[in-house]
Amino acid sequence: MTGRPRPSSWWFVLGGGLLVAAAATGVALFVGTLGGFLAVDATVPVDGDPHRVEVGTDGDRLLWVEGPAPDCTVVDAETGTAIALDRVGASYRREVNGVERTGRARFDPGSGELEVTCTGAPGMASTEVEIGPTPRVGNLAGGIVATILVPLLLAGLGLAVLLAAGLVWSARATTRR
């Protein structure tokens, strides 16, 4: 007497692979979502001297400072044109390695080749200014949703494949020859 064969072991490998893919995708999306918020294009000392830096041109940039904002001027080094520093329309705060910084001024990066001069008052907490991409709320919200939904979908599919393969495997007898 022969019964229907049990499912191939590849079904279990597929289910396990989907679970591993869910974990890896979750980590990658989490890092990618927060990476834009924590990215730093350049660091400029608050010493009153001009410093030449290169930043990305894929969107507005933000000056991140510790404590009160120093007086900074930004000049497009390629054209010699002063770049206007705009007020930030939201409250941006981040803490990296125990240092809390606040986004204080937003600006268009122009050519990406900048000359930045920052001057602070004596005793000022901020000894340097970081320049990085301005976080986009839409990208952050979309990234968070994707970070949750994509791994859930992959893990759900993986569990469904493992459950179905396990049930069919246990319900069917081995084939006799």
Side-chain angles (χ1 to χ4, degrees), residues 2-45 53-67 69 86 88-109 112-114 116 125-177:
T2 61
R4 294 178 66 179
R6 288 182 167 167
S8 168
S9 60
W10 286 107
W11 285 105
F12 295 99
V13 172
L14 174 64
L18 284 169
L19 291 175
V20 170
T25 302
V27 169
L29 286 170
F30 180 75
V31 168
T33 298
L34 290 183
F37 189 70
L38 300 175
V40 175
D41 291 335
T43 302
V44 178
V53 297
E54 185 175 329
V55 301
T57 57
D58 56 345
D60 284 352
R61 292 301 186 249
L62 197 61
L63 294 179
W64 293 94
V65 301
E66 177 186 0
D86 299 323
V88 178
S91 177
Y92 296 114
R93 295 184 191 281
R94 68 180 183 191
E95 185 175 329
V96 179
N97 298 327
V99 177
E100 184 177 316
R101 295 189 187 274
T102 304
R104 296 288 186 185
R106 185 182 49 118
F107 63 94
D108 182 324
E113 296 288 331
L114 306 176
V116 182
S126 191
T127 59
E128 63 184 14
V129 172
E130 292 179 346
I131 302 171
T134 299
R136 295 185 183 118
V137 175
N139 289 354
L140 184 62
I144 290 170
V145 169
T147 299
I148 294 168
L149 291 182
V150 171
L152 269 176
L153 177 65
L154 289 172
L157 286 172
L159 287 174
V161 168
L162 287 175
L163 182 62
L167 288 173
V168 171
W169 184 85
S170 65
R172 292 185 181 170
T174 57
T175 305
R176 295 184 189 149
R177 295 178 191 214

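Position 1 is the first residue of the sequence; numbering continues from there.
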**Request:** Work out which heavy atom in Ala155 is nearest to a heavy atom in Leu19; give both atom names and the distance.
**Result:** O-CD2, 3.6 Å
**Request:** Kindly give the heavy-atom pair with the smallest separation between Arg61 and Pro109, and that separation in Å.
**Result:** CG-CB, 4.0 Å
**Asked** To the nearest 0.5 Å, how far apart are CG in Leu162 and CG in Leu14?
**Response** 8.0 Å
**Message:** Can you give me the closest heavy-atom contact between Glu66 and Arg101, atom names plus distance?
**Reply:** N-NH1, 3.9 Å
**CG on Leu149 to CD1 on Ile144, rounded to 0.5 Å** = 11.5 Å
**Request:** Measure the CG-CG distance between Leu159 and Leu154 for me, rounded to the nearest 0.5 Å.
**Result:** 11.0 Å
**Prompt:** What are the two closest non-hydrogen atoms of Leu18 and Gly158, and how far apart are they?
**Reply:** CB-CA, 3.6 Å
**Request:** Keeping the roles fixed (side chain from Arg93, backbone from Glu100), state whether a donor-acceptor pair exists under 3.5 Å.
**Result:** no
**Item:** From Asp58 atom CG to Asp41 atom CG, the distance as rounded to the nearest 0.5 Å
**Value:** 7.5 Å
**Item:** Set of side-chain contact (heavy atoms from CB on, under 4.5 Å) partners for Leu62, sequence neighbours left out
**Value:** Trp64, Val88, Tyr92, Arg106, Thr134, Pro135
**Prompt:** Which atom names give the shortest non-hydrogen contact between Ala39 and Arg94, and what distance separates them?
**Reply:** O-NH1, 3.6 Å
**Asked** Do the side chains of Val116 and Val129 get nearer than 4.5 Å, heavy atoms only?
**Response** no
**Prompt:** Given side chains that start at C-beta, do those of Phe12 and Trp169 come closer than 4.5 Å, heavy atoms only?
**Reply:** yes
**Minimum heavy-atom distance Pro151-Gly26, with the two atoms named** = CG-CA, 3.4 Å
**Complete:** Taken in chain and number order and not counting sequence neighbours, the residues that satisfy salt bridge (charged side-chain N to carboxylate O under 4.0 Å, His left out) with Asp108 are none
**Prompt:** side-chain contact (heavy atoms from CB on, under 4.5 Å) with Glu130: which of Val40, Val65, Val99, Leu63?
**Reply:** Val40
**Request:** For Val168, enumerate each residue passing the side-chain contact (heavy atoms from CB on, under 4.5 Å) test, keeping only those at least two apart in sequence or located in another chain.
**Result:** Pro7, Arg172
**Prompt:** Sub-3.5 Å donor-acceptor pair from the side chain of Arg104 to the main-chain atoms of Gly67, do we have one?
**Reply:** yes
